[in-house]
Amino acid sequence: MLRTRIAQVLNESQPGEIVNVRGWVRTRRDSKQDFSFLEVNDGSCFKGLQVVVDSSATGYDTIKDATTGASVSITGEVKDSPGKGQRVELQASEFCVLGTAPADSYPLQKKGHSFEFLREIAHLRPRTNTFGAITRVRNTAATAIHEFFQSRGFYYIQTPVITTSDCEGAGQMFTVTTLNLERIAEIQTQINYAQDFFGKHASLTVSGQLEAEIFACSVGDCYTFGPTFRAENSNTTRHLAEFWMVEPEMPFYELTDNMELAEAFIRHVIGAVLERCGDDMEFFNQRIDKTVLDTLRNITENDFIRLPYTEAVDLLLQSGQKFEYAVEWGCDLQSEHERWLTEQHFKQPVILHDYPRTIKPFYMRCNDDGKTVRAMDVLVPRVGDIIGGSQREERLDVLEARMTECGLNPQDYWWYCDLRRYGTVPHSGFGLGFERLIQLVTGMQNIRDCIPFHRVPKSAEF
RNA sequence: UCCCCUGUAGCUCAAUCGGUAGAGCGAGCGGCUGUUAACCGCUAGGUUCUUGGUUCGAGUCCAAGCGGGGGAGCCA
């Protein structure tokens, strides 16, 4: 008999239907009247299915093995539920324990666990309410991202994970090598990357942007969505060593177009999650962050604030607020400044733009004032910087001058410069940290709980 | 990388001034019950992160190490 997913049973099945469901036991409540209630979850939705198993069901003699975490298969009739809390329940006719989960050793209990503890058992945590919900929200968000771009005619480009661009302007990189490091250490010789697999030093990518620009400047609007790696020794609730980034890149877009796209993009993804993950979002709002639904509705219903960096600095200076770090034009804004803008002052997402060029990378387009570049950051309450982007410098001479200014050799980026040498066009793009988006959407405090298997300094189990 | 906090039962925590370890939940057993974070009773469960030091005596004080958390920086 074909397995029916529990989501379908709960939402669509009518009394009288015979179905087979399979999943994992969340709880069992025994009655001495020779029957038991099982709550079975198969991950297809937040709610579990209540199954009634009595002595008429084959396999009832093994009901004691159906402890929390055991896997079961149940065939039975869908019935109207006389109890509270569910529309229908399943009256078992055939009951089978597929795999036991001895109660004295199975780590997950019928009670809530701390997220710190669950991180130590990341192979079992998707069986919990919270991580099941995160998994479904993540899936819906990822799907909505592709929908958003596909419906606008963007191409999904798979950019390389391994790169030999030594300095892409962002953070420390992980080296990729097949050299025998132990041997090299033993004989205490220098590392010669010419002998390495790629014939030069290679790393894991910190961004697909430069490659995405190649396709934007040839086939048009495109985006990447893939893993990204930063070897920074940062230990915060907002950083991962391996995370997923979405990077659209559009020819003929100026900064304003870029901001409009970023705003529509976030709004679409959040709208999709609100629409399709109702039970999961209800759970996050009740148990994780009581303001998360209000925050998200506020984002979908109101325009983002757009504010030039210079005006933001003025606002901060006039705020009367005491900051640990003083605000001054030319300085990068600190977390406390961003939080004041999004959480205290505007209470909604803010797009800051036109930053001083001295604090931004070489590829951002210089403004005529000679002081600022066409950069934009989308800041959201609680999570902070969720998108960073810019209009790209399309003028070869200006780009080369900026590279030199930033201590880079234009020749190392010869192919990037070629895009400006041949048929250059104004273009723009941005990068969104996918796990930060999940943080925003779920209200989860720690980004390590927003990715199936987190990689952070000193931790890459599972 | 820096600052602060923290490590005790399966989990979450308590243990006064340094005096030989306790609760709730979970688990096992029994009772009760169309139950649903069920309820009631009983029972079991500990190398107090590691190493060293101070002391008659260390969960408690000191040092180092390892792990966890929060904040900062860097960033997405």
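To find a chain, count down the sequence lines: A is the first, B the second, and so on, and within it residues start at 1.
- Base engagement by A/His239 is indicated by at least one non-hydrogen atom pair under 4.0 Å involving a base atom.
- No side-chain heavy atom of A/Asp377 sits less than 4.5 Å from a side-chain heavy atom of A/Ile387.
- The aromatic rings of A/Trp340 and A/His345 sit parallel, their planes meeting at an angle under 30°, below the 60° perpendicular limit.
- A/Lys84 comes within 4.0 angstrom of a nucleotide base, judged by non-hydrogen atoms across all strands.
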Report, one pair per line, the protein and nucleotides 41-43 of chain B atoms (nitrogen or oxygen only) whose separation is under 3.5 Å.
none

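- A centroid separation of 6.0 Å or more is found between the aromatic rings of A/Tyr325 and A/His337.
- Of the candidates B/C75, B/U1, B/G10, B/G10 carries the atom nearest the A/Gln109 side chain, counting heavy atoms from C-beta on.
- Across all strands, A/Phe243 comes closer than 4.0 Å to base atoms (heavy-atom distances).
- Counting non-hydrogen atoms under 4.0 angstrom, A/Leu240 reaches a base of the nucleic acid.
- Side-chain contact, A/Gln439 with A/Glu435: no donor N or O sits under 3.5 Å from an acceptor N or O.
- Note on A/Glu116: only backbone sugar-phosphate atoms sit closer than 4.0 angstrom, heavy atoms only; bases stay farther off.
- Centroid-to-centroid, the aromatic rings of A/Phe434 and A/Phe225 come within less than 6.0 Å.
- Closest to the side chain of A/Asn446, out of B/G69, B/G34, B/A76, is B/G69.
- Using a 4.0 Å heavy-atom criterion, one finds that A/Tyr106 contacts no nucleic acid atom at all.
- Within 4.0 Å (heavy atoms only), A/Asn233 reaches at least one base atom of the nucleic acid.
- In this structure, CG in A/Asp354 is found 11.5 Å from CE in A/Met376, a value given to the nearest 0.5 Å.
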When the side chains of residues 35-43 of chain A are checked against the rest of the protein, which donor-acceptor pairs come out under 3.5 Å, sequence neighbours left out?
residue	atom	partner	partner atom	Å
A/Ser36	OG	A/Asp30	OD1	2.6
A/Asn41	OD1	A/Gly43	N	2.7
A/Asn41	ND2	A/Phe46	O	3.3
A/Asp42	OD1	A/Ser44	N	3.0
A/Asp42	OD1	A/Ser44	OG	2.6
A/Asp42	OD2	A/Ile6	N	2.9

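- Picking from B/U12, B/G73, B/G71 the nucleotide with the shortest atom distance to the side chain of A/Arg339 gives B/G71.
- The side chain of A/Arg448 places an N or O atom within less than 4.0 Å of a non-bridging phosphate oxygen (OP1 or OP2) of B/G69.
- Across all strands shown, A/Pro82 has heavy atoms under 4.0 Å from base atoms, whether or not it also approaches the sugar-phosphate.
- The side chain of A/Glu232 sits closest to B/C74 out of B/C74, B/G26, B/A27.
- For A/Gln334, the side-chain atoms get nearest to B/G73 when compared with the rest of B/U35, B/A27, B/G73.
- Nearest heavy-atom pair, A/Pro251 versus A/Asp221, reported as atom, atom and distance to 0.1 Å: CD-OD1, 3.2 Å.
- A/Thr228 comes within 4.0 angstrom of nothing in the nucleic acid, heavy atoms only.
- Of the nucleotides present, none pairs with B/G34 by Watson-Crick or G-U wobble criteria with both distances under 3.5 Å.
- In this structure, A/Glu247 reaches neither bases nor backbone, as no heavy-atom distance under 4.0 Å exists between it and the strands shown.
- Of the candidate nucleotides B/C74, B/G34, B/G69, B/C74 has the atom lying nearest to any side-chain atom of A/Arg238.
- Side chains of A/Glu211 and A/Thr159: no donor on one and acceptor on the other come within 3.5 Å.
- For A/Gln50, counting side-chain heavy atoms from C-beta on, the closest listed nucleotide (B/C75, B/U35, B/A76) is B/U35.
- Across B/U35, B/G68, B/G73, the shortest atom-to-atom separation from the side chain of A/Ser234 is found for B/G73.
- In this entry B/G67 has B/U6 as its Watson-Crick or G-U wobble partner, both defining distances falling under 3.5 Å.
- A/Phe304 does not carry A/Arg306 over the face of its six-membered ring by the limits of under 6.0 Å from the centre and within 45° of the normal.
- Taking only side-chain atoms of A/Arg119, from C-beta outward, the nucleotide of B/G34, B/G69, B/G73 with the closest atom is B/G69.
- A 3.5 Å limit on both hydrogen-bonding distances identifies B/G28 as the Watson-Crick or G-U partner of B/C42.
- A/Thr236 comes within contact range of at least one nucleobase, with a heavy-atom separation under 4.0 Å.
- Side-chain rings of A/His146 and A/Tyr156 approach one another, their centers coming within less than 6.0 Å.
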Grab the N/O contacts between the protein and nucleotides 30-33 of chain B below 3.5 Å, and write none if there aren't any.
residue	atom	partner	partner atom	Å
B/U33	N3	A/Asp30	O	3.0
B/U33	O4	A/Asp30	O	2.8
B/U33	O4	A/Lys32	N	2.6

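- The side chain of A/Thr27 has B/A38 as its nearest neighbour among B/G34, B/A38, B/U12.
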